[in-house]
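Shown next, in structure tokens, is the structure this report addresses.
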Amino acid sequence: MEFGCVSAGCPNHWIRYGKYCYLFVTRYPMEWIDAMTFCKTYGAILAEVKSSSVNTFLRHEARRLTGIFWLGGSDMFIERSWKWMSSNTRFYYSTWGHGEPNDSGGEHCVQLHSSFNYAWNDAKCQNRFNFICQKAA
Ligand code: MAN
Ligand code: CA
């Protein structure tokens with residue numbers, strides 16, 4: 001449970017960091033596209049990580065909760081052209097795990113991966129993982 005300042009301006013269960021509220025969904029692992037739809041239902045997007053400070057916050061929470069979490073990045077339209085999908089913007093900041101992204105067997109969606117100490121991995125979009133929604137506080 002989050003109370004008070006930590007999540008001021010955010011709905012119940014969402015956690016505040018900077019201008020945004022984040023929801024870590026761990027009970028309903030989903031394919032990337034379904035996770036995106038789930039977030040949309042709450043007026044949110046899959047989390048987009050545009051700075052190391054946001055990344056540090058998210059990985060800290062992900063590590064605490066354990067598991068692997070989808071983010072809102074993909075190269076599903078153009079191979080190796082990684083974009084934040086809500087705005088179709090190229091990655092400026094990125095923090096890939098060692099050897100990633102490797103497109104192993106065709107991988108087009110970004111996740112925070114426990115195996116890489118919560119650096120990023122590209123994974124198969126149709127596999128089911130936890131995910132993080134983001135919306136404005
Ligand atoms: C698994 C998947 C891949 C990843 C490799 C790294 O095969 O998670 O996405 O690149 O492990 O060894
Ligand atoms: Ca990979």
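Remember, it's a predicted structure, so these values are computed and weren't measured experimentally. All values below come from the heavy atoms of this structure, side chains included, with hydrogens, waters and symmetry mates left out. Remember, it's 1-based here, ligands and their atoms both numbered in the order they're listed.
The atoms of ligand 1 that sit less than 4.0 Å from any heavy atom of Asp122 are 9 (O).
Counting only heavy atoms of the protein, atom 8 (O) of ligand 1 lies nearest to Asn121 ND2, 3.3 Å. Protein heavy atom nearest atom 12 (O) of ligand 1, with residue, atom name and distance: Glu100 OE2, 4.6 Å.
For Trp82 and Asp122, the side-chain atoms include no donor-acceptor pair closer than 3.5 Å. Glu79 and His108 are linked by a side-chain donor-acceptor pair at a separation below 3.5 angstrom, with hydrogens and angles left out of the test. With no hydrogens or angles considered, no side-chain donor-acceptor pair links Asn130 and Arg27 at under 3.5 Å.
When distances to the Ca ion (ligand 2) are checked against a cut-off of 3.0 Å, Ser104 contributes no N, O or S atom below that limit. For a distance bound of 3.0 Å, the N, O or S atoms of Glu100 include one lying that close to the Ca ion (ligand 2).
The distance criterion of under 3.5 Å between nitrogen or oxygen atoms is met by Glu107 with respect to ligand 1. Not one N or O of Ser104 is nearer than 3.5 Å to an N or O of ligand 1, by distance alone.
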For a side chain to side chain contact (heavy atoms under 4.5 Å, CB included) check, start with the C-alpha distance between Glu61 and Leu58, then their side-chain angles and the critical distance, and finish with the verdict.
CA-CA 5 Å; Glu61 287 302 315; Leu58 295 180; 5.9 Å; no

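Taking the six-membered ring for Trp, Phe69 and Phe129 have ring centres at least 6.0 Å apart. Proximity of the aromatic rings of His60 and Phe57 is defined here by a centroid distance below 6.0 angstrom, and this criterion is not met.
No other N/O/S atom of Glu107 lies as close to the Ca ion (ligand 2) as OE1 does.
When rounded to 10 degrees, the angle formed at the Ca ion (ligand 2) by OD1 (Asn102) and OD1 (Asp122) equals 90°.
At a heavy-atom cutoff of 4.0 Å, ligand 1 is contacted by no atom of Lys124, backbone or side chain.
Atom CZ of Arg128 has 12 or fewer heavy atoms from other residues, nucleotides or ligands within 6.0 Å.
There is a protein heavy atom closer than 4.0 angstrom to atom 4 (C) of ligand 1. In this structure, atom 10 (O) of ligand 1 is in close contact with the protein, since a protein heavy atom lies within 4.0 Å of it.
In this structure, Tyr42 and Phe38 have tilted ring planes: the angle between them lies in the 30° to 60° band.
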